[in-house]
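To start, the structure itself, in structure tokens.
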Amino acid sequence: MGELINWIQYTKEDKGYQRNTSQNEDYIKDKQTPSNKADKDGLLILISADYDPEEKKTFLKFYDIKKKNIAVLYDKLGHKPYAFSKENIEKLKNNEHILRISKRLVGLEEVVKHDPITDSDIHVTKIIVEDPLVIGGTAASLRNHIKLWEADIKYYANYLFDSNLNVGKHYLYTNGWVKEVEVEHEEPVRKYIKKYSSEPLLVEWIKLLSEEVPEYRMLAVDIEVYVPDQTRMPQPENPRDPIFVFSLRGTDGLKKVLIYNLREEKIDKEGINEFSIEEFKDERELISRAMEIMRKYPIIVTFNGDNFDMRYIRRRAEYINFRETVKDIRLGRNDARIDWGVHIDLYRFFKNVSIKNYAFSGKYDEITLNGIGKSLVSLEKIELDKSFDEMTLREICIYSFRDAEITFRLANFNNQLVMKLITIIGRIANMTLDDVCRLSVSNWIRNRMIDLHRKKNYIIPLQEEIKNKGGERHFEPVTKGKKYKGAIVVSPKSGVHFNVYVLDIASLYPSIMKEYNISYETVNCPHPECRGNLVKGTKTYICKKQKGIVSEFVGLIRDIRVNIFKKLAKDKSLSKDKREFFNVVQNTLKVFINAIYGVFGSEEFFLFYLPAAEAVTTLGRHAIEESISEAENLGLEVIYGDTDSFFIKDPRQEAIEALIKKVSKKLKLQLEIDKIYRYVVFSQRKKNYFGVLSDGTLDVKGLVGKKSSTPEYIKRVFYRILEELRHITTQEEFEKAKKKITNIIMEAEEKLRKRDVDIEDLALAVTLTKPLKSYTKTTPQHVKAARLIELSTGRKILPGSVIKYVKTVDQNGVKPMELIRNRKEIDANKYIELLWSTLTQIVDVLEIERVATAKSRRLDQYFL
DNA sequence: GCGGACTGCTTACCT
DNA sequence: ACAGGTAAGCAGTCCGCG
């Protein structure tokens, strides 16, 4: 391995490990405080772990804060892979499958575990083996032949849980061991640690989450492959085309393009000062040099490197008999990891819906380098109007470097916000950074739940065991195909309403899970004495004796967020940077809190239990119904409600305060004023309205004019109308605005009729959500358009791509944007209909009417 | 053979 | 591979109609 991994020799020599059966022995020998804060010698942060199949050991990857390198440490505890069986030892000893693997069997041990479902201690057999593959991963593995518990947890994850290690935590290295280290905290943090000193669990979390996240040394990498005829994309699994460009951009200021000059072209470097160019005469030299540079960086960042860049490098090197040079790139089925550090694939990270919607509040919608770059760091790809064949190598270098630059900026903007996020998620989930950036929120939560089970010595139940608890479904879901009934939506009172307060129940579902002790083991628990503790309107009962593991976890992280990190984020005695950091922490906690209910309500989730999920929504419906009726008792007028929030028209201040008190007392839930509208406009449709908030900002919900698929032209008319409405403060002003709005509509319609609109602005943009082949039941318009693109250009349209098409007068009725040649093809009437149907949603309520039919209409035939 | 009523599919949104 | 509820447009089907 590389020169940078200084400590590997300490550990690799240490082969004579002993078997250690005590599963809870600390890796950490003792606690230590660094004598001097400035001296960061040996101060490490755990960021990753993996299993070395040759050494048959787990190794840990630490980020060395001072050296800004990776330190690798191999296992010294003699930890071994294992799983549990409920058969007793004697019986197992003679089991044919155990006999079959006896050579790789380390031992069988009887251990006591707590079974959360029966709430009792049970004796199980721990099957300890030499190699994780004995447990799972091959056809012959034990878990495919005998019933095992905890047999589908990655071995290195197991290792972290059992060794009491936590990803993202600081450790101190001395004499071949790492020790847990007490890092210094700032005064406000210390204050909280003191305040909650009677709750050790809470203190642990405060400490863990407030530790500093280092500034990582990283390198962004992007490669280009030379494909002679542009018709095909380079395929890593068939790497017949040469890699000819590596663009590299590092946090230390490195800006380099390495190019294999396969055309023997004189590259014009004049005026390029953004980066330097290194030329190579041979592809192998290029790859060697690129790998040499890459190995100097502990963190490699790519955009889609798992399935393209890193994979192609490895496969191509193998293809040209150059495997040795790239053997420290390890390809998995769906990922590419690097032995010398951590490879972060930003494509995987940004694709994650929790990241997209919660961490970045949906600021980007297209998951491409261009789309995300544009939205988050205001840098776009260089547009290509010709193929590499037709470009000079100079042009290709500039093009390629831009990609590396965007990737670099995505990883580095806002003080490495993305890396902070990944690290904090790693801390909360106790998951390696490699896994955090590749896996979804359900895996993050699963990982932490497994850790919590281990720490409580709970055996993790099988999905079938949870299902076998039984318990019926009590309410038919409203939506066909759903598993259980969800939230309620109260029909809006249509019309214009001034001075409207929106109240919402603070984190409704998580609060319910916490307050009502909802967890897979506490809902329909085994204790006869809890059977009377029913969820209203159901036969579901909830445990009164034990605190549920899920409930406890939600409660804990919710408390930490609300009581500590939200406050730290606003603590003026802290520096701006610190406050921002704590704000990222509290937002990351929010991601978890928001996702927990959904994850536990998902059938695939390993702790899914339908009666528990149903109990949450049932209690949620009660909560909002009770809140609304309490509001009405206080003489408040409720004009709309959805799930956890309701709208009150022109309320008395005291009534609101009284309501908040009442709900807090009666339901143990916190009502909050979410927002106040100067006015809000409802049609009769649910989840569709707009309003102007007290600070004058426009708030549009659900209306067609807001949808990403609506043509730009119609959107613009829509927002122009709303802009007219935005300034209105009184009923009288409404009347005046109506005239203006009518004019806007008439003008827009006239332009459409004359087809006096840019074709691009008429495109509907609809996402293809699955492969073209799998639309068998119907052929939606965007599918028709996508097929036309494939037919005429030969380009393959993949799921996730946004299809832009226009409505035409030909027999298809649609045509992809890029194939339109003539304005005459456009079906103007369809667009006029579309315009009206979009605007109806705002205009209806304002009593602006559309009178004549499309054909006979003239401008003066509109009236108010 | 045609058109309206209806159902189902698909997407994008809200909480 | 986090949930359910709602709106809207369109595709496809059924049914009545001398």
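The shown structure was predicted, so the numbers you read here are calculated from the model rather than taken from an experiment. A note on names: the letters A, B, ... follow the listed sequences, proteins ahead of strands, and every chain is numbered from 1.
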### Message
Regarding A:Lys351 and A:Asp345, does a basic nitrogen lie under 4.0 Å from an acidic carboxylate oxygen?
### Response
no
Side-chain N,O ([X]) to OP1/OP2 ([N]) below 4.0 Å:
X	N	answer
A:Thr769	B:dT11	yes
A:Ser440	C:dA1	yes
A:Thr643	C:dG4	no
A:Tyr640	B:dT15	no

### Task
Have a look at A:Gln841 and say if it touches a base, only the backbone sugar-phosphate, or nothing, with a 4.0 Å heavy-atom cut-off.
sugar-phosphate
### Message
Against A:Glu626, only a single residue in A:Lys536, A:Arg621, A:Lys668 fulfils salt bridge (Lys or Arg N to Asp or Glu O under 4.0 Å); can you say which?
### Response
A:Lys536
### Residue closer to the 5' end of DNA chain C, A:Thr617 versus A:Thr838 (nearest nucleotide)
A:Thr617
Please report, rounded to the nearest Å, how far the [atom2] atom of [N] is from the [atom1] atom of [X].
X	N	atom1	atom2	result
A:Tyr689	C:dA7	OH	C1'	15 Å
A:Lys482	B:dT15	NZ	P	17 Å
A:Asp642	C:dT6	CG	P	8 Å
A:Leu772	B:dT11	CG	P	11 Å
A:Lys715	B:dA12	NZ	P	11 Å
A:His782	C:dA11	NE2	P	12 Å
A:Arg685	B:dA12	CZ	P	20 Å

### Task
Taking only the side-chain heavy atoms of A:Gln781 (C-beta and beyond), determine which of B:dC13, B:dT15, C:dC10 contains the nearest atom.
C:dC10
### Message
Measuring only between side-chain heavy atoms, which start at C-beta, is A:Thr617 closer than 4.5 Å to A:Tyr597?
### Response
yes
### Message
Whether the A:Asp435 and A:Tyr156 side chains hold a donor-acceptor pair (N or O, under 3.5 Å, no angle test) is what I'd like checked.
### Response
yes
